[in-house]
Amino acid sequence: MQKNKKIFIYYSLTGNGKLIAKKLEKECDIRKIKVKKELPKSFFLQMMVGGFKSLINYKEKLIDFNNDVNDYDEVIIGSPIWNDRLCTPVTSALNKLDLSNKKTTFILYSGGGLANTAVDYINSKYKGAKVIQLKQPIKNNNELDKLNI
Ligand SMILES: Cc1cc2nc3c(=O)[nH]c(=O)nc-3n(C[C@H](O)[C@H](O)[C@H](O)COP(=O)(O)O)c2cc1C
């Protein structure tokens, strides 16, 4: 039988998602979501701008986003939590992806919060998708052990 082919499609602003990609790169192809305009450098402005963007579900302009997932049996989406929600680079990429008939897993990485709004969103839009939540894997390396992909 053919091997279950997987892809990890993710966004990362401060490196947590990147660390997860590094951990998964042996089992999955990796595709990073890039946006035209990143959040400002200052932490305070990041919270203001990113928090607001995620609240209004702002549509980001993506750079060269390849939405072809035909080759894959499983699509794993990686998103930092912004304001209890999926981040806007990921929601914008999801708008371009057809995940029907795909096994889908979401890996959410937060500063420690439980991200109920993001989980509700996933449960309503992606029925049957698996959700794995990690707390700041850069600071808590053992969080990566939860990645039973
Ligand atoms: C705009 C913004 C909003 C955030 N909101 C939350 C939040 O609501 N709850 C939480 O636990 N962490 C929050 N965080 C922290 C990130 O989710 C966390 O640091 C995550 O691991 C970052 O992933 P990255 O390093 O791949 O970008 C927020 C970070 C940013 C930039």
Side-chain angles (χ1 to χ4, degrees), residues 5-69 72 74-99 102-149:
K5 237 187 135 195
K6 303 172 192 174
I7 184 165
F8 180 53
I9 302 177
Y10 79 105
Y11 176 77
S12 182
L13 180 70
T14 56
N16 288 277
K18 197 171 171 194
L19 189 68
I20 295 166
K22 196 100 204 89
K23 168 92 180 175
L24 297 180
E25 71 187 1
K26 283 202 190 86
E27 304 108 272
C28 307
D29 285 350
I30 306 287
R31 201 175 284 170
K32 184 170 188 211
I33 299 165
K34 287 175 263 169
V35 288
K36 264 222 161 104
K37 202 166 175 0
E38 293 283 6
L39 290 184
K41 292 269 177 278
S42 112
F43 178 74
F44 175 74
L45 286 177
Q46 276 181 9
M47 290 299 139
M48 298 293 287
V49 176
F52 183 66
K53 276 182 156 180
S54 46
L55 181 70
I56 63 166
N57 199 7
Y58 179 82
K59 303 277 171 293
E60 301 281 354
K61 288 191 179 65
L62 306 180
I63 301 172
D64 298 334
F65 182 66
N66 175 0
N67 69 345
D68 184 355
V69 289
Y72 300 96
E74 182 170 356
V75 178
I76 304 159
I77 303 289
S79 178
I81 292 302
W82 288 3
N83 197 4
D84 208 48
R85 292 159 172 80
L86 299 182
C87 71
T88 49
V90 167
T91 50
S92 304
L94 283 170
N95 285 336
K96 297 176 189 290
L97 282 168
D98 180 6
L99 298 180
K102 299 282 173 198
K103 186 174 173 201
T104 307
T105 298
F106 284 81
I107 302 175
L108 310 179
Y109 21 107
S110 75
L114 269 180
N116 291 327
T117 314
V119 174
D120 287 349
Y121 178 85
I122 291 165
N123 288 340
S124 68
K125 277 194 85 165
Y126 301 94
K127 299 251 182 285
K130 182 172 157 192
V131 179
I132 300 171
Q133 299 201 58
L134 308 186
K135 290 176 191 164
Q136 205 85 303
I138 282 185
K139 286 194 189 146
N140 312 295
N141 252 254
N142 55 349
E143 285 287 292
L144 293 173
D145 299 341
K146 292 183 187 164
L147 293 175
N148 192 12
I149 298 286

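For clarity, every value in this text was computed on a predicted model and none was experimentally measured. Positions are given from 1, in the same order as the sequence printed here. Only heavy atoms go into these numbers, but all of them, side chains included; no hydrogens, no water, no symmetry mates. Order of appearance sets the numbers: ligands from 1, and atoms from 1 within every ligand.
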Protein contact of atom 12 (N) of ligand 1 - nearest heavy atom, named by residue and atom, plus distance: Gly111 N, 3.0 Å
Within the 4.0 Å heavy-atom shell around Gly50, which atoms of ligand 1 are there? 1 (C)
Is it the case that the side chain of Lys26 and the backbone of Leu24 share a donor-acceptor pair, with hydrogens and angles ignored and the cut-off at 3.5 Å? no
For atom 29 (C) of ligand 1, which protein heavy atom lies nearest, and how many Å away is it? Met47 CE, 3.5 Å
Go through the steps to decide whether Thr104 and Glu74 satisfy the test side chain to side chain donor-acceptor pair (under 3.5 Å), and finish with yes or no. CA-CA 6 Å; Thr104 307; Glu74 182 170 356; over 6 Å; no
Above 12 or not: heavy atoms from other molecules or residues under 6.0 Å from CG of Asp68? yes
Looking only at protein heavy atoms, which one is nearest to atom 28 (C) of ligand 1, and what is the separation? Ile81 O, 3.2 Å
Quick one: OG on Ser79 to OH on Tyr10, what's the gap to the nearest 0.5 Å? 12.5 Å
What's the separation between atom CG in Asn57 and atom OH in Tyr121, rounded to the nearest 0.5 Å? 5.5 Å
What atoms of ligand 1 come within less than 4.0 Å of a heavy atom belonging to Gly17? 26 (O)
Closest to atom 27 (O) of ligand 1 among protein heavy atoms sits Leu13 N, 2.7 Å
I'd like to check which ligand 1 atoms, numbered from 1 as shown, lie under 4.0 Å from a non-hydrogen atom of Gly112. 11 (O)
State plainly whether the residues Lys37 and Glu60 are in salt-bridge range, i.e. N to O under 4.0 Å. no
Could you tell me the separation between the CD atom of Gln133 and the CG atom of Leu114, rounded to the nearest 0.5 Å? 6.0 Å
If I apply the N/O under 3.5 Å rule, does Asp84 come out as touching ligand 1? yes
Which residue holds the protein heavy atom closest to atom 26 (O) of ligand 1, what is that atom called, and what is the gap in Å? Ser12 OG, 2.6 Å
Got an N/O contact under 3.5 Å between Thr14 and ligand 1? yes
Is there side-chain contact between Tyr58 and Thr91, with at least one heavy-atom pair below 4.5 Å? no
Sub-3.5 Å donor-acceptor pair from the side chain of Asn140 to the main-chain atoms of Lys135, do we have one? yes
With heavy atoms only and a cut-off of under 4.0 Å, state how Asn83 meets ligand 1: side chain, backbone, both or neither. backbone
Atom 20 (C) of ligand 1: nearest protein contact (heavy atom, Å): Tyr109 O, 3.4 Å
Identity and separation of the nearest protein heavy atom to atom 21 (O) of ligand 1: Gln136 OE1, 2.9 Å
Residue and atom name of the nearest protein heavy atom (relative to atom 3 (C) of ligand 1), distance in Å to one decimal: Trp82 CA, 3.4 Å
